[in-house]
Amino acid sequence: MPLHPVLEKVTARVIQRSRVSRGAYLAHLEAARVKGRTQRGTLSCTNLAHGFAAFPANDKLILKEVKQPSVAIISAYNDMLSAHQPFETFPAIIKDAVRKVGAVAQYAGGTPAMCDGVTQGQPGMELSLFSRDAIAMSAAIGLSHNMFDSVLYLGVCDKIVPGLLIGALHFGHLPAVFVPAGPMTSGLSNKEKAAIRQRYAQGKATREELLEGEAQSYHGAGTCTFYGTANSNQLLMEIMGLHLPGAAFINPGTPLRDALTAAAAQRAAQITEMGNEYIPVGHIVDEKSIINAVVGLLATGGSTNHTLHLVAIAKAAGVVIDWDDFNELSAVVPMLCRIYPNGDSDVNHFHAAGGTGFVIRELLDAGLLHDDVNTILGKGLRAHCAEPFLNDDASGVIFKEAPLKSADEKVLRGAADPFSKDGGMVLVQGNLGRAIMKVSAVKEEHRSVEAPALVFDSQEAFMAAYKAGTLDRDFVAVLRFQGPKANGMPELHALTPALANLQDAGRKVALVTDGRMSGASGKVPAAIHVSPEILAGGPLGLVRDGDIIRVDAASGTLEALVSSDVWHGRSMAQADLSPNQIGMGRELFTMFRNNVCAAEQGATSFPLPSPIQTTVPLHGEDNVGNTVPGSDEDFLAKKA
């Protein structure tokens with residue numbers, strides 16, 4: 001199947017836009033390589049002795065000889081987070097598995113892992129987005145000992161996987177395999193959970209009833225089962241070729257989960273510089289794999305947080321994408337899934353209906369994914385159109401072709417008969433800036449709202465007005481000073497039940513904010529991540545109560561209908577942000593708020609790779625544009 005022309009166009013634009021920074025990144029990778037031997041072969045005897053002092057005798061002997069690979073484990077384990085609690089047992093499985101292929105695994109370091117579900121609406125949520133950069137830095141600290149030839153990254157949730165991948169890309173000369181823990185089994189349905197939340201917001205359910213509903217929904221070990229940022233992470237790791245096929249949605253504590261963990265560990269040992277299949281992560285994550293990730297996000301109705309995270313991940317690999325790329329692809333990528341909040345079913349139902357292997361094959365066959373990419377299995381994404389099973393004696397994993405037909409077309413459909421012809425994520429822009437809208441769960445009649453602005457500077461101020469009964473009208477809530485520079489860009493889910501109740505009551509309502517709503521944003525139209533934010537000169541600071549605001553997903557409009565002379569005669573709004581800077585550790589994150597870039601640039605504090613003095617050709621071209629060794633395209637061929 002030929003590639004879709006829009007996919008070709010966007011990819012070519014990204015390659016051209018990224019030429020200098022991607023070339024610089026590849027030069028950095030080449031400079032970091034230790035060719036034909038282990039990384040620890042560069043260490044002094046003192047260095048090396050420190051690195052294996054506490055290891056068992058047999059493992060120590062392998063590390064001394066510097067002939068076999070050492071696999072690092074970077075884990076986000078903690079036992080408070082349900083999604084990460086299963087990782088407690090993974091290091092032992094990994095160490096045993098790599099010994100069987102003659103290698104050694106070492107627990108190189110841990111990273112933070114915070115839960116947006118716990119911090120939602122709390123001061124701690126203001127650390128959440130910046131924890132992504134802290135996680136990347138923590139991964140780098142673990143790898144800084146230079147003892148390792150490849151890395152296993154153990155993480156699942158919202159900022160954790162993006163942070164781990166950004167860290168991995170800064171050690172992009174090392175192979176990387178991502179190891180998921182899997183979702184918890186299905187509990188109370190997401191539809192019932194949402195209904196209880198709305199009743200509680202109306203005062204029709206008690207706190208005890210709300211807590212019981214939440215506990216029945218989030219009831220055991222594993223990822224939350226709705227299709228928010230955590231599970232979007234997992235699907236994207238598969239579609240980028242960083243997981244074993246079908247690994248994302250196998251429940252924890254099962255024989256297949258453990259077998260997949262062992263197989264991932266062995267694969268990490270097999271693809272090091274020392275073997276015949278050297279596949280560094282910096283040559284997996286490139287322009288085409290990033291575009292594949294955007295397509296996968298759109299085709300499954302994934303989290304809007306990835307309009308930040310994928311930009312930041314791409315940036316770490318020297319690839320430059322923006323919201324125009326998301327928007328153009330969204331117009332042609334069909335919606336293949338209905339997973340809550342875009343439907344009633346959860347990720348366990350999605351996996352049972354055909355899962356990621358089905359989605360990847362359908363998109364490849366429709367010309368909407370690049371097959372000619374590197375993955376942890378080698379060259380070609382089509383190897384990931386598969387699902388895992390235990391072999392006959394339950395001693396390992398075998399992979400079978402993904403099903404040709406969905407087992408439940410209420411959850412998963414083929415590209416020939418999608419739920420919609422577009423990806424349900426649109427760019428809106430105008431005199432209020434640029435913003436993202438996720439409309440896959442928003443009914444057509446609610447996708448355009450024109451109403452007076454009601455301006456709020458905090459979630460608490462909005463909720464106070466709602467509880468006072470002053471919001472029973474048509475309005476556009478303009479929630480400002482929620483951007484990364486202002487307060488770390490927290491998620492704003494406390495607003496969702498209240499806005500949903502007003503919409504259900506027949507009011508025309510919408511939200512415009514420089515904050516986040518993530519993958520759990522639902523049926524109310526919301527223009528989020530408005531960029532630039534006020535502290536970067538953004539025009540949300542010019543909005544006043546009563547201004548008519550037009551939010552229109554169909555036309556891509558985000559405007560204040562105010563005359564030009566009045567608009568430009570206004571002064572920028574001010575707010576006292578000091579309460580957002582102290583307490584709950586927020587003072588420790590001042591450097592992130594001061595140095596963060598705009599939401600559309602990934603809301604990260606890390607810069608693009610810059611050129612260094614090197615003899616390695618930038619992006620595989622000489623001075624007259626001929627392809628030469630050093631490019632992604634001929635990397636594996638040259639090595640072979």
Side-chain angles (χ1 to χ4, degrees), residues 26 29-43 48 51-52 55 58-74 91 93-108 143 145-154 168-169 171-179 237 240-245 247 259-286 289 373-381 383-384 396-399 629-640:
L26 293 174
L29 260 61
E30 195 65 19
R33 286 179 65 188
V34 178
K35 299 178 184 179
R37 57 191 176 122
T38 67
Q39 290 290 130
R40 67 187 181 281
T42 65
L43 300 180
L48 191 55
F52 58 60
F55 253 54
N58 287 343
D59 289 345
K60 186 180 293 189
L61 180 61
I62 293 172
L63 292 170
K64 273 184 178 180
E65 290 181 340
V66 197
K67 294 179 180 178
Q68 298 296 327
S70 173
V71 179
I73 303 168
I74 300 288
I93 296 170
I94 289 166
K95 291 179 180 183
D96 181 63
V98 299
R99 287 187 186 112
K100 292 176 180 176
V101 293
V104 173
Q106 295 180 284
Y107 191 100
L143 298 176
H145 303 98
N146 206 29
M147 285 281 295
F148 313 107
D149 304 295
S150 66
V151 191
L152 292 161
Y153 292 93
L154 280 56
L169 288 167
F171 285 77
H173 60 290
L174 298 178
V177 178
F178 279 68
V179 185
M237 291 304 97
M240 294 175 77
L242 294 168
H243 275 178
L244 290 176
L260 279 164
T261 299
Q266 292 178 348
R267 188 60 187 159
Q270 291 161 352
I271 59 176
T272 72
E273 176 83 55
M274 303 177 68
N276 297 320
E277 296 184 83
Y278 176 47
I279 312 175
V281 67
H283 283 274
I284 290 178
V285 179
D286 64 4
S289 70
V373 293
N374 300 319
T375 81
I376 62 170
L377 300 182
K379 189 72 173 181
L381 184 59
H384 291 258
V397 179
I398 58 174
F399 295 94
S631 69
D632 286 327
E633 290 75 10
D634 79 341
F635 171 77
L636 291 182
K638 174 178 179 288
K639 177 188 62 62

Option passing side-chain contact (heavy atoms from CB on, under 4.5 Å) with Thr272 (candidates Thr38, Leu174, Val71, Asp149): Asp149
Note, Phe55 side chain near Val104 side chain (heavy atom, < 4.5 Å): yes
Taking every non-hydrogen atom, the tightest pair across Ile73 and Ala105: CD1-CB, 4.3 Å
Residue pair Gln106 / Leu63, side-chain heavy-atom distance below 4.5 Å: yes
Gln68: partners by side chain to side chain contact (heavy atoms under 4.5 Å, CB included), with sequence neighbours left out: Ile62
Reported CG-to-CD distance for the pair Asp96 and Gln266, which is rounded to 0.5 angstrom: 9.0 Å
Exercise: identify the closest heavy-atom pair between Ala269 and Ser150: N-OG, 4.2 Å
Option passing side-chain contact (heavy atoms from CB on, under 4.5 Å) with Ile279 (candidates Ile284, Ile376, Leu377): Ile284
Residue pair Leu26 / His283, side-chain heavy-atom distance below 4.5 Å: yes
Beyond-backbone contact of Met237 with Tyr153, side-chain heavy atoms, under 4.5 angstrom: no
Lys60 side chain near Phe52 side chain, heavy-atom distance below 4.5 Å: yes
Side chain proximity check, Glu273 to Gln39, heavy atoms < 4.5 angstrom: no
Criterion side chain to side chain contact (heavy atoms under 4.5 Å, CB included) on Val285 and Leu169, from CA distance to verdict: CA-CA 8 Å; Val285 179; Leu169 288 167; 3.7 Å; yes
Note, Val281 side chain near Val151 side chain (heavy atom, < 4.5 Å): no
